[in-house]
Amino acid sequence: MISEDVFRPLPDVPVEYDAVYNGRISHTKRHYLAFQIERLVHVTSSIGELPPAGDCAFIRRLQAQSPLHSIANPLVDGLPGRLTSAEVNRVYNQAAVGLCLSAVEGAMYSSMEYLLAGLPIVSTPSIGGRDLYFDPDYCIIAEPKPAAIRRAVERLRDRAIPREEIRLKG
C-alpha cells in the first residue's frame, strides 16, 4: 500500500511550511479548516467529483487564501497535475505537520505517508479508522474549527519532534 522506502524523512530538505494537506478536490475534505494556518501547502487532485469548472474554482479558492499558501501540484489548464510518490514525499518534508481534516475517512493513506515521512499529525475527530496509528505524543485530534486547527499545528510545529522518532513509533 505505502512504500517505506519512498515515504521517509529527507534530512536535506528545509521546512518551508507549517503544514501540508494531502486531500483531493472535494467539499468532504474540509480544506477550509486549514485556512488560518500561516504557511500551508496543498497536495491535491481531482477524481471528477466536481465538473472541471468546479475543480478550477476550487483551486482558485485555495490559491486566494493567502500568498503564503501554495499548491504543490503543477497546474495544467487550471487543474492540478499528478505528482510522483517521491515528489509528494519531498513536499511532506517541506512541512512541519501533516493534516487530516475530513469527518469520514477510509484508511487515509496520507496519514500513513505523513507518519513514515516523520510528520506529526493534526486531525479532526473522524469515522473510519485513520487514527488507529496515532500516538498522543505526536498527534493531536483537534476540534473541527479553523482556529483550533491552527493552534494545534502551531503547538506541534513548535515542539519540533525529531522526524526519525515519529517514523519509528508510527
Side-chain angles (χ1 to χ4, degrees), residues 1-11 13-45 62 65-66 68-73 83 85-170:
M1 286 190 324
I2 307 294
S3 173
E4 293 181 30
D5 296 327
V6 172
F7 295 97
R8 59 191 170 81
L10 300 173
V13 176
V15 173
E16 299 175 30
Y17 300 98
D18 297 320
V20 58
Y21 187 32
N22 187 342
R24 73 179 184 274
I25 296 173
S26 173
H27 297 293
T28 65
K29 294 299 180 183
R30 306 192 303 182
H31 293 287
Y32 67 90
L33 292 174
F35 286 171
Q36 287 190 13
I37 296 169
E38 185 176 2
R39 298 173 303 145
L40 175 68
V41 61
H42 294 271
V43 174
T44 194
S45 63
L62 292 182
Q65 291 311 304
S66 167
L68 299 178
H69 288 194
S70 66
I71 297 170
N73 306 68
L83 295 172
S85 294
E87 290 169 327
V88 171
N89 185 61
R90 186 164 188 79
V91 174
Y92 290 166
N93 276 268
Q94 293 174 315
V97 175
L99 299 175
C100 302
L101 302 176
S102 58
V104 177
E105 195 66 68
M108 193 179 182
Y109 297 135
S110 298
S111 65
M112 292 179 269
E113 293 170 359
Y114 295 154
L115 293 173
L116 286 171
L119 291 179
I121 293 175
V122 169
S123 178
T124 57
S126 65
I127 297 170
R130 71 175 174 227
D131 57 341
L132 183 63
Y133 298 104
F134 289 3
D135 184 306
D137 288 344
Y138 50 81
C139 297
I140 296 174
I141 298 178
E143 190 177 5
K145 294 184 177 178
I149 300 299
R150 184 195 73 243
R151 285 190 304 271
V153 165
E154 290 168 350
R155 199 160 62 232
L156 283 174
R157 178 202 63 204
D158 293 349
R159 287 188 52 209
I161 304 162
R163 290 179 189 249
E164 288 297 338
E165 180 180 321
I166 294 170
R167 180 182 167 91
L168 289 173
K169 286 179 81 176

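In this chain, numbering begins with 1 at the start of the sequence shown. All figures in this text were calculated on a predicted structure; none of them were measured in a lab.
Panel note: side chain R30, backbone L101; a donor-acceptor pair is recorded below 3.5 Å. At distances below 3.5 Å, not a single donor-acceptor pair connects side-chain atoms of D18 with backbone N or O atoms of I37.
Residue L40 holds its CG atom at 11.5 Å from CD1 of I149, rounded to the nearest 0.5 Å. We find the OG1-NZ distance between T44 and K29 to be 9.5 Å, quoted to the nearest 0.5 Å. In this structure, the separation between CZ on R8 and CG on L10 is 5.0 Å, given to the nearest 0.5 Å. Atom-to-atom distance recorded for L68:CG and Y17:OH is 9.0 Å, nearest 0.5 angstrom. One finds the CG atom of N89 at 8.5 Å from the CG atom of L119 (value rounded to the nearest 0.5 Å). The structure places CD of Q65 at 10.5 Å from CD of Q36, a figure rounded to the nearest 0.5 Å.
Here the side chains of R167 and P9 are in contact, with some heavy-atom distance below 4.5 Å. N93 is listed as a side-chain neighbour of R163, based on a closest heavy-atom distance under 4.5 Å. In this structure the side chain of F7 reaches within 4.5 angstrom of the side chain of V88, judged on heavy atoms. R159 places a side-chain heavy atom less than 4.5 Å from the side chain of L156. The closest side-chain heavy-atom distance from V20 to Q94 is not below 4.5 Å. Residues P144 and P125 are in side-chain contact: their nearest non-hydrogen atoms beyond the backbone lie under 4.5 Å apart.
Closest of all the heavy-atom pairs between D137 and K169 is OD2-NZ, 2.8 Å. When all heavy atoms of V153 and A19 are compared, the closest pair comes out as CG1-CB, 4.1 Å. In this structure, S102 and Y21 approach most closely via the heavy-atom pair N-OH, 3.9 Å. I121 approaches S111 most closely through the heavy-atom pair CD1-O, 3.6 Å. Closest heavy-atom contact between H31 and R24: NE2-O, 3.1 Å. Of all the heavy atoms in A72 and V43, the pair that sits closest is CB-CG2, 4.2 Å.
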Between L33 and L99, does the side-chain contact (heavy atoms from CB on, under 4.5 Å) criterion hold? Intermediate values first, please. CA-CA 10 Å; L33 292 174; L99 299 175; over 6 Å; no
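Using a 3.5 Å distance cut-off with no hydrogens or angles, the side chains of Y109 and N22 do not pair a donor with an acceptor.
Using a 30° and 60° split on the angle between ring planes, Y92 and Y114 fall in the perpendicular class, above 60°.
Salt bridge R150/E154: present, at least one basic N to carboxylate O contact under 4.0 Å.
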